[in-house]
Every structure is written in C-alpha cells, then in structure tokens.
Visitor: 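Just passing along the structure, written as structure tokens.
Naming convention: chains lettered A, B, ... in sequence-line order (proteins, then strands); numbering from 1 in each chain. Just the heavy atoms: all of them, side chains too, but no hydrogens, waters or symmetry mates, feed the values below.
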Amino acid sequence: MKCSKMEIRDLLKQNIQTALKELGVDLSLDDIVVENSKDPTHGDYASNVALKYSRNFQKPPRDVANLIVSKLDMSSIDKVEIAGPGFINFYMKSDSLTNIISRIIKDGDDFGRSPKKGIKVNVEFVSANPTGDLHVGHARGAAIGDAISRILSFDGYDVTREYYINDAGNQIDHLGESLIERYKECLGLPFELPEDGYHGVDVKIIAQKIREKYGDNLLEKDNPLEFFKLIGQELELEKIREDLKTFNIVFDVFSSEKAIRANGAIEKEIEFLKDHIYEDGGAKVLRTTDFLDDKDRVIVKSNGEYTYFMPDIVYHVNKLSRGFDQLIDVLGADHHGYINRMKSALMMHGYKSDVLEIELIQMVRMMKDGEEFKLSKRTGNGYTLRELCEDAGVDAARYFFVMRAASGHLDFDLDLAVKQSSDNPVYYAQYAHARLCSVLKTASDIKIDESGSLLKEHAELELVKKLSTFEDIVKVASKERAPYKITNYIHELAEKVHAFYTECRVIDRDNLEVTSARLGLCLASKIVLRNALSLVGVSAPEKM
RNA sequence: GCGCUUAUAGCUCAGCUGGACAGAGCAUCUCCCUCCUAAGGAGAGGGUCGGACGUUCGAAUCGUCUUAAGCGCGCCA
C-alpha cells in the first residue's frame, strides 16, 4: 500500500508526471489536471492530459493516452480506461480510497488543517460606524469576513480580525447632537432632532441610559457635545460588540480612527506623499492616476479639512506597518470605486498592488412570504442583526449569508431559514451530523474499525470519496476567499451521509465486522462535517 | 458619458480557471419507515447557458461587439 499522507489526486498526478517523463515530456504537477469524476461511469478520477498535451507528441489524443497508460504505476489502481476524445479514467482499488478514514480519525479536529505558513493576514470587516445597530448588510459582511478568517487560519495563515472605528468623522458629531436632543426629550424639555441626525428609537434608548447613569444635569457641563459624543459612541460600540458576540464573532483588534490620526500622523503622511501631491484651487490632490486610478483624488479640501480618503490611507499604511503581509478589506459593493485609489496610495509606499485585497459584498434582500421587507415589524426601524438572530437563529443566519458567492446579490428567505425541515440547508447538514452522532452513541460498545478495508458498497465509497476531497476544497476556498465553496461542500457531504445512512444500515449485532467498518466511516464523516461547519461558524449539534 | 459587477431550469444559485450528454436546492409529480432520528432516501419532468461573431480538435467558461439590470464616478463618508 502506498503512503497515505497524500491525497489520491496528488498521487495520480505524480504517477502521470513520471509516466510522461519516461515519454520525454516534462511537466510540473500544476500542469497536470486530475479531477474527481462527476459521472461514475467515468471512473473515480479522470485526467485530460492526453488531450491537452497531444501536440507535444504529434499524435492523436487517444494514442497519447495509450502511451501514458502503458507507463503508469498500477499498484493502487484497479483499472484504467481511455474514453471519449482521450480522457484517462481511473478506477481506484477500494483500499486506496478508504485508507483516508484512519487519517481523518487520527487528525480529528485538525483534519484538513494546513501547517503554519508564517504569513500574517489582516482581515478587516464590519467596521460600521458606532452610530446605530448593525443591520443585515453588516451581518453578511460579518459572516463572510469571519468565515474567510476561519478558513485562512485553518489553511495555515496567521489571521488578525480587525474592526475600524470611524470615530473622528462628522457621523459621530451627528450622533452626539441627536443624543443631546433625545436627552432633552427624556427630561421633558423641548427638543428638535437635527436634520442629518439619527432619528431612530435606538438613539432614544441610549439617551435614556445616559440619563439613568449620569443624571439630569449633563447639559450644564462645559462641553456637553463632547461628552455625549464620547459616551454615546462607547455605548453604541458596546452594543455592537455584544451583537457580534451572539453572532459568534470576536475581533482581535478594534482600531480607532482618532488614535490613528494622533501625533500628526496625517501630516507626516502628507509629507511622505508630497511628490505625488499637487495643488488645485487650494485643495491638495493625490496623483493616483500615476498608478491604478482613473482620476486623481482630493485628500485635503480647500477649506483645510481632510477628505475621508486621507485618514484611510494613514490607516492602511498603519496596518502594513504592523507587519502584515496581506491586507483584506471586506466592504460593501458600493465601495468598488475605492479599490484602485487605495491601492495606488499604497503603491506610493512601494507596496505591490496586491498587498491589499478587497472583497466586495453585494446587497442582501430580506424576503418573507415571497416579498422583500426592509423594516422590522416590531420597531419600525431597519431590520437589525439582533432581530435576525432572534428570528432565524445564529446558525441559519450565518449559513445563509455565506452560502452564495459574495459578489452576488443575496435573497435571504426568512421563511426558509426558520423552517426546521429538509428544505433548509442548515438543518439538512446539521441533521446529518446529529444522525451520525446518534449511531455512534447507540453503538458505543462496539469497536471501531478505522481501516476502511471492508467498505465496498456504492454509498459507502461515494461518501469516502467526498471525504477525501475536503482538504482540497479548503485550499481552494482559502485561495479564492470563497466561503461558499465550503457550504457547497457541506451540502454535498451531507447528501452522501444521508444516502449512506438509508442505504447501509450501520449497526448489525450479527455482523460486527461490517458494523465496525461502517462505524469508522461514521466517525470520519462526523469529523469532517464538523470541521467544515466550523469553518463557516455554524455549530454541529450532537442531537436534534 | 466613463468605469465596475451581474445575466445558466418556473424560483434561488453551482459549474473546480477550455473538456466527455450543462449540475444542485426549492417548487411540481411517483414511490420508500416490522430496522441506528422520514428534520431522511429513490425516481420523473423541466435549459438553443441574455444575443451575435471570433479564437480552438472542443466554449457556459477566453476575446470583441451588443442587449438588459444593479452600482460607482463630488473639495461625500
């Protein structure tokens, strides 16, 4: 038997590579494609090398395929077929497929995890202004940002989750002003909410809290606005932190714009960039068109104020100065115009354009009874993350947000998310896990066979094959920053588990050998399902 | 006007970076619990991959053009 440390696909690639070498063609492993056959009549694995490189041989693809096949090492292969225009289909010996089971059981929670790469990645997400509750748009960014972080970390990156607080802009001024008016309202004084202030009930609640905590005389302070700004923001942030915590997300770093601006950081940055800056009508403009942008960007307005872009440059430079090799910003899709200007600014610092990667998240439409809704029935305000967690549950919410490619719009079907049935993909997957746990528990007195050598039923081998692709899926999801690949995988794996469960009865007291082997498969499947679910922040219940 | 994104089954989406008859899930229709959780399984119908041209042995995938939708283009954040 071959060494089991490697995936079968990689073994086949090597096998083909050496065969080609003997035929005088040198290819790297990356040039050789071996895929899991979608169609079982095409074997377990298939390769198109003969088609792809038939030119090198100046022979028809099928002849090339024959040549390659004649040089293959057949020790782990049951049979090989040449099909269609020249595909090589591999049928593996079943033990070479099933010996992954022992490896999964041995690695447990770490199955699929890559060794540390020593690469530091900063993932910035949510970064909502502390001026109100998180809404569903933030929630999708949160779910995706956190899932990306989990996946990268599992794939061996050193990940820091960061939240950027815009606490220096005039949003906070508006918050302070609104709070003062709401505070007056609490005291029974005449009040008038500022036009561009925050009119929501949540601000009123915070005003009440402030009154309860700090008393009725706050307006007599020297600078009540500063006070309300500061306290208000603190309370808002506290709320956001709590909501994120119930959403199962914990940030490593909260960065404050104010702190980053301190000590003349902006002025120093302007000095640093001076060769790329010109004046136009009293404003300072950054020549981003020298790099990737299609338009130069104002960084200092003619009235001397900074645009939003300016401190943001400082912030990104700050992040890089903290030693990160890679920055990832998870932003709403409406920020796409922002990508090239920020990259340009970083390039002025000598960074390559791809140190910063921006994941754009498309809008979420909340659907109920087949219709879109935006507002909460209870408060009349925007529908918040907190309400979503209450209505749909954290697991369903996180799964749904992540289940589609970030670049696409998402229709969030609340009815479906709440439904406890097979239509609901979250329950489908969790149920598969719970079923496995249930079997393992019922048979806890029976020894588990980890070799997999007795597995030969179709449903068993299908499941095994699915298990063996997990490591590959993780790498792809990591590379593409694509959590939805994980949920797709979860669904496929759950499918195979359910099929196996119905087709193959596991516990048979009269046939302990087969029972043991199937228990091994159950355990391995349970482990992989759990690991996959944890990558998207969804729990794997033992019982449902 | 310029730029970005999207277009695949009635609906919501995959399609592994060019391959073998385009796949799931909902929804519709059949069938399956004397047995480890039926919150499950097996099967059926449903598509000229927005349109046109091109590159290639081979295109949903790459290129150009075109149509439609969303978004961005301010000394806004």
Visitor: With respect to the side chain of A:Lys301, which nucleotide from B:rG41, B:rA77, B:rA14 is positioned closest?
Guide: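 Ranking B:rG41, B:rA77, B:rA14 by closest atom to the A:Lys301 side chain puts B:rA77 first.
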
Visitor: Using a strict 4.0 Å threshold on nitrogen-to-oxygen distance, state whether A:Lys319 and A:Asp329 make a salt bridge.
Guide: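 Judged by the 4.0 Å cut-off on N to carboxylate O distance, A:Lys319 and A:Asp329 do form a salt bridge.
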
Visitor: In whole Å, I'd like the distance from the OH atom of A:Tyr501 to the C1' atom of B:rC36.
Guide: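 Interatomic distance, OH of A:Tyr501 to C1' of B:rC36: 4 Å.
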
Visitor: What parts of residues 306-317 of chain A reach RNA chain B, counting only heavy atoms under 4.0 Å away?
Guide: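 Those residues are A:Thr307, A:Tyr308.
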
Visitor: Heavy atoms within less than 4.0 Å of RNA chain B: which residues of residues 523-533 of chain A have one? Give them sorted by number.
Guide: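 None, since no heavy atom is under 4.0 Å.
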
Visitor: Fit a plane to each ring of A:Tyr164 and A:Tyr315, take the angle between them on a 0 to 90° scale, and name the class: parallel (under 30°), tilted (30 to 60°) or perpendicular (over 60°).
Guide: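 A:Tyr164 vs A:Tyr315 ring planes: parallel.
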
Visitor: Expressed in angstrom and rounded to an integer, what is the separation of A:Met403 atom CE from B:rA14 atom P?
Guide: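 In whole Å, B:rA14 P and A:Met403 CE are 10 Å from each other.
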
Visitor: Strictly by Watson-Crick or wobble contacts shorter than 3.5 Å, is anything paired with B:rA60, and which nucleotide is it?
Guide: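 WC or wobble partner does not exist here.
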
Visitor: If you only use heavy atoms from C-beta on, which nucleotide in B:rC76, B:rA39, B:rC36 is closest to the side chain of A:Tyr427?
Guide: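 Taking heavy atoms from C-beta onward, the closest nucleotide is B:rA39.
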
Visitor: Provide the Watson-Crick or G-U wobble partner of B:rA20, both distances under 3.5 Å; none if there is no partner.
Guide: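 Looking at the geometry, B:rA20 pairs with no nucleotide.
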
Visitor: Kindly state each residue pair satisfying salt bridge (charged side-chain N to carboxylate O under 4.0 Å, His left out) with at least one member in residues 430-447 of chain A, sequence neighbours excluded.
Guide: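 Qualifying pairs, neighbours excluded: A:Asp445-A:Arg509.
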
Visitor: Look through every strand shown and name the nucleotide pairing with B:rC36 as Watson-Crick or G-U wobble, where both distances are under 3.5 Å.
Guide: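 No nucleotide pairs with B:rC36.
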
Visitor: Between A:Asp155 and A:Lys475, is there a side-chain N and carboxylate O pair less than 4.0 Å apart?
Guide: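 Salt bridge: no.
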
Visitor: In the strands shown, is B:rA68 matched to any nucleotide by a Watson-Crick or G-U wobble pair with both distances under 3.5 Å, and which?
Guide: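 Base partner found: B:rU6.
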
Visitor: Please produce a list of atom pairs where a protein N or O lies less than 3.5 Å from an N or O of nucleotides 32-34 of chain B.
Guide:
none

Visitor: Under 4.0 Å between a side-chain N/O of A:Tyr484 and OP1 or OP2 of B:rG15, yes or no?
Guide: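 Yes, such a contact exists.
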
Visitor: Mark up nucleotides 16-21 of chain B, 5' to 3', with B wherever a protein heavy atom is under 4.0 angstrom from a base atom, S wherever such an atom reaches only the sugar-phosphate, and - elsewhere.
Guide: B--BBB

Visitor: Going by purine N1 to pyrimidine N3 plus the second Watson-Crick contact, or the G-U wobble pair, all under 3.5 Å, which nucleotide sits opposite B:rG74?
Guide: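 The answer is none; no pair meets the criterion.
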
Visitor: Does B:rA44 have a Watson-Crick or wobble partner in any strand here, with both distances under 3.5 angstrom, and which is it?
Guide: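 By the stated definition (distances under 3.5 Å), B:rU28 pairs with B:rA44.
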
Visitor: Counting only side-chain nitrogens and oxygens, does A:Arg435 get under 4.0 Å of the OP1 or OP2 atom of B:rA38?
Guide: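 Yes.
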
Visitor: What pairs of nitrogen or oxygen atoms, one from the protein and one from nucleotides 5-9 of chain B, lie under 3.5 Å apart?
Guide:
none

Visitor: Parallel, tilted or perpendicular for A:His491 and A:Tyr428, by the 30°/60° rule?
Guide: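 Aromatic pair A:His491/A:Tyr428 classed parallel.
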
Visitor: Could you please name the option among B:rG72, B:rC36, B:rC76 that lies closest to any side-chain atom of A:His336?
Guide: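 Among the listed nucleotides, the one closest to the side chain of A:His336 is B:rG72.
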
Visitor: According to a strict under-4.0 Å criterion, is A:Lys295 in side-chain N/O contact with OP1 or OP2 of B:rG74?
Guide: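 Indeed, a polar side-chain atom of A:Lys295 lies that close.
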
